[in-house]
Amino acid sequence: MKKIALLSTLVGLLALVFLPTALKNHGIYLFTYWLIYVIAAMGLNLTVGYAGQKSLGHAAFFGIGAYTVAIMLKAGLSFWLGLPMAALCCFVVGLALGFPALRVQTIYLAFATLGFNTAIWLVMRNEEWLTGGTFGINNIARPEAFGISFDGNLAYYYLVLGITLLLAILLLGLLRSPWGKAFTALRDNPIRAESLGIDIRNYTLLSFAIGAAYAGIAGALFASLVQFIDPAPFNVEASIMMYLMVVVGGPGYFFGPMLGAAVGVILPEWLRFAQAWYLFVFGTAVVVLMIWLPDGLLSIPDRISAKRQSREASALRAAAGKPQGVKV
Amino acid sequence: MTDFLQLFFSGLATGSIYALAALGFTLLWQASGTINFAQGEFVMLPAFMMIGCLTAGMPLLVSFCVSCILSVVVLGWLFKRGLVDPLFKYGMMPIVVATIGLSIAMRNGVRAGFSAEPQPFPNLFPDAVYNVAGVVVSGTDVGTFVFAMALVLVTQAFLAKTVTGRAMQAVAQNTESASVLGINVPRMIFYTFAINALLAAAAAILVTPTYLAKFDMGASLGNKAFFAAIIGGFNNSRGALLGGLIVGVCENLAAAYISPAYKDAVALIIFMVVILFKPQGLLGKKVERKV
Amino acid sequence: MNKRSTLKVVAAATVLAFVGLAQAQQTIKITNIVELSGPGTTAGTLFKNGVELAIKEINEAGGILGKKIESTTVDTQTNPGVAKGLTQKAVDDGVLAIFGPVYSGSIMVSMAESKRGEVPNFTGGEAAAITQQGNPYVFRTAFGQSTSFPKLAKYINTKSKSLAVIYVNNDFGKGGRDTLTKLLAGGPTQIVADISTDAGQVDFSAAVLKAKQSNADAIFAYTNEEESARLLRELKKQGWTKPVIGETTLTGQKVIELAGDAANGAVAHVGLTVDAPIPEMLKFKAKYYQAYGSISDHNGIKGYTGVYILKAAIEKAGKIDRKAVAQALHGINISAKKNPGVIMDVSFDANGDLDRESFLVEVKNGRQVVVATLPALSKK
């Protein structure tokens, strides 16, 4: 990584570790909330940004993860059992969702995932015996480990921070491996990728499954953060917001999810007093962004350097084209 | 049996509104490859335009005409020039995302700028109830169905029988050949957008009396329109009609005979089945994938 | 910035901080946590209007114990998770009392925070479960279903032999449907259809059709305001002429506005109505109309009387202290003569439930007409 990138990452990490100690309950809550959405968005970034799939049903996995943990906690099992269980459940369901993705293309896939999300949401809402229906599940406990209780807001924040960093490093490793390159090949031109010997079937399924697992972990953490879940945060609108978070941040950029989640989660909270206007501005910003910056906010540095390069190249061309005197 | 017929006819009325929204959606896709995620909001906005006119004292039909004109300008011309034209060259997804953003902006713009509360809306049709051979049908249902069907059939006749209409179809099928043949492609595309705006305004006046005008009234309508369009066949305008009616009727039947709680799942299930077994839709034609 | 300007800024900030601190001690802070968007918009907005009207009046009359009330309003979007976060924030901000949310589903979740922060929390929610959680800090501003439904059940028993129940699928609706089912069990009224609908639902054709199919001789409609309006319109559209019975949310002012003619003939048991034949109520109706240009519904009354109940409690406790106020509220008896702001005599029990008279209302010609007055349960 370049020096500037390394330095800013370090500063960011330090801020993440020390800033919340200066905040009150609500501020810490907000940061934890943000980190959870970062995890979910990272997963979606893999599916959408790196592998080029069209997934508009991400909130469903978020919800499956949350309900898995909530139900298990209510049944008396430990959070540390619930968390991997949530990831596993979502991984499996993600794989299952990948199958229709093999059969349908782009926009049909988008609608299919949308439909999937609605179906899951309906089950969450109607099957009261399992999920508590519209009443949801209340009084979800926070975990504890090695004698440390994560019940306090700050303690829970550090737990979530740790998990986020771990997952980010894992993702980075994945993306730098040959698998990562296979994903981008899948995104850019699937048929050509197949002709090069990449098993697009497996990679498509995997991109859904891994993305889903990330969302599942995020959902599990969400359940213990808010300590109450109902079907509302897992509907199609939430999926669309998650998708927009990835798009605004920059699909295919590693830090895209962080930026996107900040825009989608933190800004609305700060601007709570102007909520409706904020969303109006957000919607308009997305439209404008698509016209000026279809690759998301993080594409700005790339754009600037691309412009600079093209200007230098034209300057060179212009210089080379100047007549050097008439040769006879 | 009369119960079934009642549910059936009531479903036809709701379905015809879905058909209007789905038809516009399909036309946009065919003519310009635009997937308009804000289709539901395109119905919501004329409803509020009409409320604005009504509050200013204009009678209902005048308000409707004014809203139609405004819709064509804003939802037709402005939408095309401002959003679709710049993004056209980037492919489908940027347009999808932009229309998602547009729908959020429109919804919250109305919510913040006008009101978050629902508004009553006058009914175009008489509040009468008719008893036909034991089946009770309401005047509104009959009126809605007739009006919507008339619009759909007129639109299809326009597309099939008039020169402009056939030019629009030519643009939809093969844009390059169409321009080579001297058809004014951008104008034909604009006409498509204009028709969509008109259909949406019509849907608004039909649906708002029962739904009440609220900033989020477009959300579920938009969803049903997408599914209906795909079920019917994305590249066939008659498919939109069929898809809308099927969804409307099946929803009603399912809500009454199976479970009201899973009513919204009906459109979904039909959609999933169609997509897995006949992805081009019930009336659509198979489309090859270009490499 | 150079040293001098830095010093100036610091000085200014310190002065402001002191002023702020001083001011804080001079005001009573409350937060209004209400639904300003989503399905609960109608309820939340009117509740907030009532609260703000009362606060304005109280401040103009000199405040409580000599201090003015300062209030902030925030939007829960009818989302319980959001309500919870906002309640947390209000607790952090050191308010004396919290008003709202109105929706039962939201208060059921957010009250864990006001309990943790030990802040008196007034709610407009009506679900029975709200006061069954062992929370000493939650207080109703309207009847709970356990107080209102016995009266309702008695009325239904006289009007219907086969009842279709249409309810909304949330805490409020389900709570009501469960309570009613229990109360009607073994009585002369049979429930022949149990139809659930969604919050924010727009299309009621299937629900009405199902009710018609069941051959019920009356419908009990228990949905929130917006949905009630749509349901009534659909019932009219499909030619339903048999009785439609409900509770306050069926015949509220906003519902009548939205449903128009379709609301005529609906009968409801209401705890609060601006058309009650009580002089104080009519005064409130006029004041609200003057302030907001529209007629209040029961949510506006809830908010308005809620603030005056708080005032009475503070005066009883004698100090601006969260715990003391909460304790003073349990077992309080507030007389409308001495505290005209509460409009009707009201008393609270140890769970936060309130007891008052109530009314049977029918909608005639677009207005609520009180057909009968029912005494408070404890007054039998």
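Both backbone and side-chain heavy atoms feed into the values below; hydrogens, waters and symmetry mates do not. In the text below, chain A, chain B and the rest are named by the order of the sequence lines, each starting its count at 1. Quantities reported herein were computed from a predicted structural model and do not represent experimental measurements.
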**Prompt:** So which residues of residues 123-131 of chain A are in contact with chain C at a heavy-atom cut-off of under 4.5 Å?
**Reply:** A/Arg125, A/Asn126, A/Glu128

**Request:** Give the minimum heavy-atom separation between C/Gly85 and A/Tyr29, together with the two atoms involved.
**Result:** CA-CE2, 4.5 Å

**Message:** Looking at C/Gln213, I want to see if its CD is surrounded by more than 12 non-hydrogen atoms of other residues, nucleotides or ligands under 6.0 Å.
**Reply:** yes

**Message:** Counting only heavy atoms from other residues, nucleotides and ligands, does the tally under 6.0 Å from NZ of C/Lys182 exceed 12?
**Reply:** no

**Request:** Would you mind telling me which of C/Pro80, C/Gly105, C/Ala129, C/Ala112 has the largest number of heavy-atom pairs within less than 4.5 Å of chain A?
**Result:** C/Pro80

**Prompt:** Got a second to check how far A/Asp230's CG is from C/Met108's CE, nearest 0.5 Å?
**Reply:** 12.5 Å

